[in-house]
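The next block holds one structure in the form of structure tokens; read it before the comments.
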Amino acid sequence: MWRKVQEADLLSTLSMTEVEAFRSDSDFEKDPVEAQIRQTCAYVRGCIRTGGAKVRMAKEEDWLPESLIPPTMDYLRYNILTRMNLVVNESRSKAYDNAVKVFNELRRGDFVPESDETGEGEDQPPVKANSPIAGTAKPERMLD
């Protein structure tokens, strides 16, 4: 199932204080958090397309398969923290490295995410997903 990636997803990996610090630290006219979410979703969708699997993708640019949202948030968290020139602790760095591995597997076609089930996405037949490498949020992820 695909769904819209929201700021609440990011708050599962970053604290509200960190998110607000990013907002106030940036010189953007629009909300930098929303812009970073859209940019990261575009990157992940590009990884899916590069893999060559016939996956029906949601039309909306900020929608991703649920199985890819946790690694996407780990990836985004790392990018936000490094943009603010903060030191990223070991557990967060390891989560980022794992997310990069998932995205590399997507690009190689070794991992195929679930298709969008709404039938409104790109005109490609749905395929069953392989077992996702990154599943639901782990308790330690919530404590970072």
Applying salt bridge (charged side-chain N to carboxylate O under 4.0 Å, His left out), name anything that partners E20, two or more places apart in sequence or on another chain. R23
Taking side chain as C-beta onward, heavy atoms only, is I69 less than 4.5 Å from R3? yes
What are the two closest heavy atoms between M84 and A21, and how far apart are they? SD-C, 3.8 Å
Taking all non-hydrogen atoms of both residues, which atom of R56 and which atom of S115 are closest, and how far apart? N-OG, 3.2 Å
Is there a side-chain contact between K101 and N98, using heavy atoms and a 4.5 Å cut-off? yes
If hydrophobic clusters are built from ILVMFWY residues whose side chains come within less than 4.5 Å, do M16 and I37 share one? yes
Angle between ring planes, Y43 versus Y75, binned at 30° and 60°: parallel, tilted or perpendicular? parallel
Is there a side-chain contact (heavy atoms from CB on, under 4.5 Å) between R92 and Y96? Walk through the geometry before answering. CA-CA 6 Å; R92 288 177 166 186; Y96 170 80; over 6 Å; no
To the nearest 0.5 Å, what is the distance between CD (Q6) and CD (E34)? 8.5 Å
State, with a plain yes or no, whether a side-chain heavy atom of L68 is found less than 4.5 Å away from one of L106. yes
Quick one: CE on M73 to CD on E7, what's the gap to the nearest 0.5 Å? 10.5 Å
Could you state the interatomic distance from CZ (R77) to OG1 (T40), rounded to the nearest 0.5 Å? 13.0 Å
Minimum side-chain heavy-atom gap M57-W2 below 4.5 Å: yes
Flag the pair L81 / E18 as yes when at least one side-chain heavy-atom distance between them is below 4.5 Å, and no otherwise. yes
Mind checking salt bridge (charged side-chain N to carboxylate O under 4.0 Å, His left out) for K4 and listing every partner two or more places apart, or none if nothing turns up? D62
Determine whether L76 and V5 make a side-chain contact, defined as any pair of heavy atoms from C-beta on separated by less than 4.5 Å. no
Answer whether the closest heavy-atom distance between the side chains of Y78 and D97 falls below 4.5 Å. no
Considering all heavy atoms of both residues, which atom of A99 and which atom of P71 are nearest to each other, and what is their separation? CB-O, 3.2 Å
Within the supplied structure, the quantity of interest is the number of heavy atoms (other residues, nucleotides, ligands) at a distance under 6.0 Å from M1 CE; does it exceed 12? no
